[in-house]
Amino acid sequence: MKNFFKIGPGTLVTAAFIGPGTVTVCTLAGVQFGYSLLWALGLSIIACIVLQEMSARLGVITQQGLSEVLQSQFDNKIVKGIMIILILSAIFIGNAAYEAGNISGGALGLSAILDFSNNSDGNFPVSYISIGIGVVAFVLLYLGNYKVLERSFILLVIFMSTAFIITAIVTRPDLSLLLKGFIPDFSAGKILSIVGLIGTTVVPYNLFLHASIVSEKWKSPEDLTAVRKDTILAIALGGLVSMAIIIAGAAIQQTDVANAADLAKGLEPVFGSSAKYILSIGLFSAGITSAITAPLAVAYVVKGCMGWEGGLKSKSFRAVWMFILFLGVLFSSLGIKFIVIIQFAQIANGLLLPIIAIFLLWVVNQKRIMGNFTNSIGHNILGLFIVSITCFLGVRGVLKVLEIL
């Protein structure tokens, strides 16, 4: 039992992206487009494996986090300043939106559990719920006694994920349509959903988090085989869950998804009237778990970029995660539909991903940093393809948003 609960770094990365955003964006993709965006999710999973492997390899070889390595590579103050501004902007904007999505996901689940059904849009004076979740996250972060609680929530998220996989099998999807879903389609109406699927799978802050945490488990280049196995297996399993959510979503016989009860319709073929509560508990668990880890990840990134020496309880470190938590609670309490906030957070991450991916790709090609463990030609081809496609989708996504505005 003790060994069962030893969660590897790859599993923590997967647990970070199987959250409210994944459930919401994948369900919406299934409801709106059937199986036709499975190819985008497949691309996202490959991109996630490739980039997280680079990040993990960097962490093992250098025994440092990505932000620490980047910060040490530039002697020119102007160049270093521009680099830090770009990274911090991407991380702050992306994680502020992501934190709002996390808290909204937790509030969405809790509002359904408490049955605020008199609100058709899922927005009880739920700003109070968002504030309550923010207070809980603040106390746990400040005290530092959140690991046991987080592990319990992860188990509930795993339960919800298993429920989606079973449902995807029970709904007996049409295999011919399923296979057609892996044919790329860049239709204008699907662009934001594609960017959202990428943003909910390849989470920018996970690239920083992975590089930092692998060094706690693995110390030498001989461990790289184990690192790769851990990364590939964990992310592939997470991708399987995401695909199951799309398949379950495609079975929902409606186009308007406004609250947790609507999201839960994908689970009804297996769980019937209990589906709402199973999904709601999972959403609440995933939301509050990520609401704790996301601000910490930003604080680690800022600490590395700024070269701060203080520990986790230093005033500067705490100020960063407090700021991100405050923004998350603020945006979640503005009265915007929770589904919209969660979806926007994933799109924001997808748009900001190319910035972090470019820096990562540059670092892992530096011989003075990686020695004999720089990227192979195959790694670079895949990396450049991922950066190119995310940049292309990012530009298309921005243009689409401007059209909407």
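Atom CD1 of residue I213 and atom CH2 of residue W218 lie 9.0 Å apart, to the nearest 0.5 angstrom. Taking NE2 from H379 and CD1 from I381, the interatomic distance works out to 11.5 Å, rounded to the nearest 0.5 Å. The OG1 atom of T24 sits 6.5 Å away from atom CG of L28, with the distance rounded to the nearest 0.5 Å. To the nearest 0.5 Å, atom CG of residue L353 and atom CD1 of residue I389 are 12.0 Å apart. Y35 contributes atom OH, which lies 14.5 Å from atom CG of L41 (distance to the nearest 0.5 angstrom). Interatomic distance, I232 CD1 to E53 CD, rounded to the nearest 0.5 Å: 7.5 Å.
Judged purely by atom type and a 3.5 angstrom limit, S215 has no side-chain atom pairing as donor or acceptor with the backbone of G59. At distances below 3.5 Å, not a single donor-acceptor pair connects side-chain atoms of T22 with backbone N or O atoms of S242. Counting only distance, with no hydrogens or angles, the side chain of T201 and the backbone of L197 share a donor-acceptor pair below 3.5 Å. Without hydrogens or angle criteria, T200 side chain to G196 main chain gives no donor-acceptor distance under 3.5 Å. Remark: side-chain polar atoms of T62 are paired, donor with acceptor, to backbone N or O of Q64 under 3.5 angstrom. With hydrogens and angles ignored, the 3.5 Å screen pairs no side-chain donor or acceptor of D230 with any backbone N or O of A226.
Nearest approach of L296 to L141, heavy atoms of both residues: CG-CD2, 3.5 Å. Residues C26 and I245 share a closest heavy-atom pair of CB-CG2, 3.5 Å. Residues P354 and T390 share a closest heavy-atom pair of CG-OG1, 3.6 Å. S55 and H210 make their closest contact through OG-CB, 3.8 Å (heavy atoms, listed as atom of the first residue, atom of the second, distance). Shortest non-hydrogen contact noted between L325 and A291 is CD1-O, 4.4 Å. Shown here for V202 and S44, the closest heavy-atom pair between the two residues is CG2-O, 3.5 Å.
The shortest distance between side-chain heavy atoms of P221 and I61 falls below 4.5 Å. Counting only heavy atoms from C-beta outward, the side chains of V227 and R57 never approach each other to under 4.5 Å. Side-chain contact between F326 and M322 is absent, with no heavy atoms from C-beta onward closer than 4.5 Å. Proximity of N206 to L51: side-chain heavy atoms (C-beta onward) are nowhere separated by under 4.5 Å. Between D223 and K217 there is no side-chain heavy-atom pair separated by less than 4.5 Å. Between V69 and L58 the shortest side-chain heavy-atom distance falls below 4.5 Å. No side-chain heavy atom of I356 sits less than 4.5 Å from a side-chain heavy atom of Y205. Residues W308 and V320 form a side-chain contact, since some pair of their non-hydrogen atoms from C-beta on lies under 4.5 Å apart.
For residues 189-205, the pairs satisfying salt bridge (Lys or Arg N to Asp or Glu O under 4.0 Å) are D185-K190, with sequence neighbours left out.
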Worked verdict on F186 versus L393 for side-chain contact (heavy atoms from CB on, under 4.5 Å): CA-CA 9 Å; F186 293 96; L393 290 169; 3.8 Å; yes
Worked verdict on L237 versus V241 for side-chain contact (heavy atoms from CB on, under 4.5 Å): CA-CA 6 Å; L237 286 173; V241 173; 5.9 Å; no
Evaluation steps, side-chain contact (heavy atoms from CB on, under 4.5 Å), between E99 and L327: CA-CA 8 Å; E99 183 69 352; L327 289 179; over 6 Å; no
Stepwise side-chain contact (heavy atoms from CB on, under 4.5 Å) check, I87 with S67: CA-CA 9 Å; I87 290 176; S67 55; 5.8 Å; no
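Aromatic pair Y300/F317: ring centres closer than 6.0 Å.
In R172, the CZ atom is not crowded: 12 or fewer heavy atoms of neighbouring residues, nucleotides or ligands sit closer than 6.0 Å. In K229, the NZ atom is not crowded: 12 or fewer heavy atoms of neighbouring residues, nucleotides or ligands sit closer than 6.0 Å. A 6.0 Å sphere centred on CZ of F373 holds more than 12 heavy atoms belonging to other residues, nucleotides or ligands.
For R318, there are no salt bridge (charged side-chain N to carboxylate O under 4.0 Å, His left out) partners, not counting sequence neighbours.
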